[in-house]
Structure formats: structure tokens, C-alpha cells
Amino acid sequence: QVQLAESGGGLVQPGGSLRLSCAASGRPLSAYTMAWFRQAPGTAREFVAGNRRGSGMALYADSVKGRFTISRDNAANTVYLQMNSLKPEDTATYYCAADATPVLRTTLETYDYWGQGTQVTVSS
């Protein structure tokens with residue numbers, strides 16, 4: 001099975017940028033459809049972006065479309081989330097997740113493997 005570890009979170013001002021990384025180990029990243037979710041205190045975990053294995057097709061939540069970009073480097077076994085034009089409402093713990101099927105879904109029950117999360121705080 002695959003193990004996932006996120007990094008790159010931190011404190012950033014509104015309008016700023018961050019790049020999150022999710023390093024996979026144990027299995028090749030190319031075998032998985034990957035996604036980023038986030039969870040703010042007192043709210044449900046929500047889909048942010050996904051990248052389908054094989055085709056590389058990407059899907060984004062409406063709230064981040066045009067600001068966030070998901071990408072992967074299979075050689076480095078790492079998936080990234082580039083976050084630009086950050087807003088206070090983007091503040092959350094961000095999780096990467098992996099699914100062994102070639103179908104890109106937005107429901108968290110689809111994903112079998114999760115990282116421990118990295119905190120992103122957008123505040124002036």
C-alpha cells in the first residue's frame with residue numbers, strides 16, 4: 001500500500017501563494033488517482049482538486065477553479081497543489097488522498113489512503 005506525506009503549509013497573507021507537496025512511498029504514484037481535500041474547523045472535509053491516473057485529467061472545486069493547480073511528477077513520486085490568490089476562506093488543513101482506480105471522484109469515501117495533513121492559514 002502507499003503512504004502519503006504532505007508538506008508546504010504555513011501562514012500566508014491574502015493574495016499570496018503556497019505550493020503543497022504530497023510525497024508518496026511504498027508504491028508508484030502512477031498507480032493512483034490523486035486528490036487534495038481540505039477541512040476547516042467545524043466543517044466537513046471537502047474536495048479541492050483531483051488528478052486522474054493515466055490521463056492526468058484534472059478536476060477542481062468551483063471555489064478554487066482558476067486559482068489552484070494540481071500536478072504530479074511520477075518520477076519524483078510527488079503530487080503538488082499550487083495555490084495562488086489565496087483567500088482567508090482557504091484556511092484549512094489540507095490532505096492528499098490516493099485511490100487505486102482510474103476514475104476521478106470528488107467523494108472522500110472513494111479514497112483509501114490519506115496523508116496526515118498540512119495546515120494552511122491565510123491571514124493578514
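When reading the values below, keep in mind they use all heavy atoms of this one structure, side chains included, and skip hydrogens, waters and symmetry mates.
Minimum interatomic distance between Thr91 and Val122 (heavy atoms only, all atoms of both residues): OG1-N, 2.9 Å. Here the shortest heavy-atom pairing between Thr33 and Thr101 reads OG1-O, 2.8 Å. Of all heavy-atom pairs spanning Met34 and Cys22, the tightest one is CE-SG, 4.3 Å. Closest approach of Ala31 and Arg27 over heavy atoms only: CB-NH2, 4.1 Å. Among all heavy-atom pairs drawn from Ala98 and Val2, the shortest one is CB-CG1, 4.1 Å. The nearest pair of heavy atoms linking Asp73 to Tyr80 is CB-CE1, 4.0 Å.
Gln39 and Thr93 share no side-chain donor-acceptor pair at under 3.5 Å.
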Can you give the donor-acceptor pairs under 3.5 Å from side chains of residues 8-19 to other protein atoms, not counting sequence neighbours?
{"unit_1": "Ser17", "atom_1": "OG", "unit_2": "Asn84", "atom_2": "OD1", "d": "2.9"}

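Residues Tyr94 and Gln119 fail the side-chain proximity criterion, which asks for heavy atoms closer than 4.5 Å. Contact of the Leu81 side chain with the Thr69 side chain is not registered, since no non-hydrogen atoms from C-beta on lie closer than 4.5 Å. At a threshold of 4.5 Å between non-hydrogen side-chain atoms, the residues Val120 and Leu20 count as touching.
Using a 30° and 60° split on the angle between ring planes, Phe37 and Tyr111 fall in the perpendicular class, above 60°.
Remark: side-chain polar atoms of Arg52 are not paired, donor with acceptor, to backbone N or O of Val103 under 3.5 angstrom. For the pair Ser55 (side chain) and Met57 (backbone), a donor-acceptor distance under 3.5 Å is present. For Asn77 (side chain) and Pro28 (main-chain N/O), no donor-acceptor pair under 3.5 Å exists by modelled atom type. At distances below 3.5 Å, not a single donor-acceptor pair connects side-chain atoms of Ser63 with backbone N or O atoms of Ala61.
Between the CE atom in Met83 and the CH2 atom in Trp36 there is a gap of 8.0 Å [rounded to 0.5 Å]. Between Cys96 atom SG and Asn51 atom CG the span is 12.0 Å, to the nearest 0.5 Å.
Geometrically, Arg38 does not engage Tyr95 in a cation-pi contact defined by less than 6.0 Å to the ring centre and at most 45° from the axis.
Salt bridge status for Asp90 with Lys87: absent, with no side-chain N to carboxylate O gap under 4.0 Å. Using a 4.0 Å cut-off between charged side-chain N and carboxylate O, Asp99 and Arg53 make no salt bridge.
Aromatic ring centres of Tyr60 and Phe47: separated by at least 6.0 Å.
Residues Leu104 and Leu108 share a single hydrophobic cluster, defined by chaining ILVMFWY side chains whose heavy atoms lie under 4.5 Å apart.
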* Verify side chain to side chain contact (heavy atoms under 4.5 Å, CB included) between Leu4 and Trp114, making sure each step is shown before the conclusion. => CA-CA 6 Å; Leu4 305 172; Trp114 293 83; 5.6 Å; no
* To do: Check the pair Tyr113, Gln1 against side chain to side chain contact (heavy atoms under 4.5 Å, CB included), reporting the backbone distance first and the verdict last.
  => CA-CA 8 Å; Tyr113 305 102; Gln1 62 183 34; 3.4 Å; yes
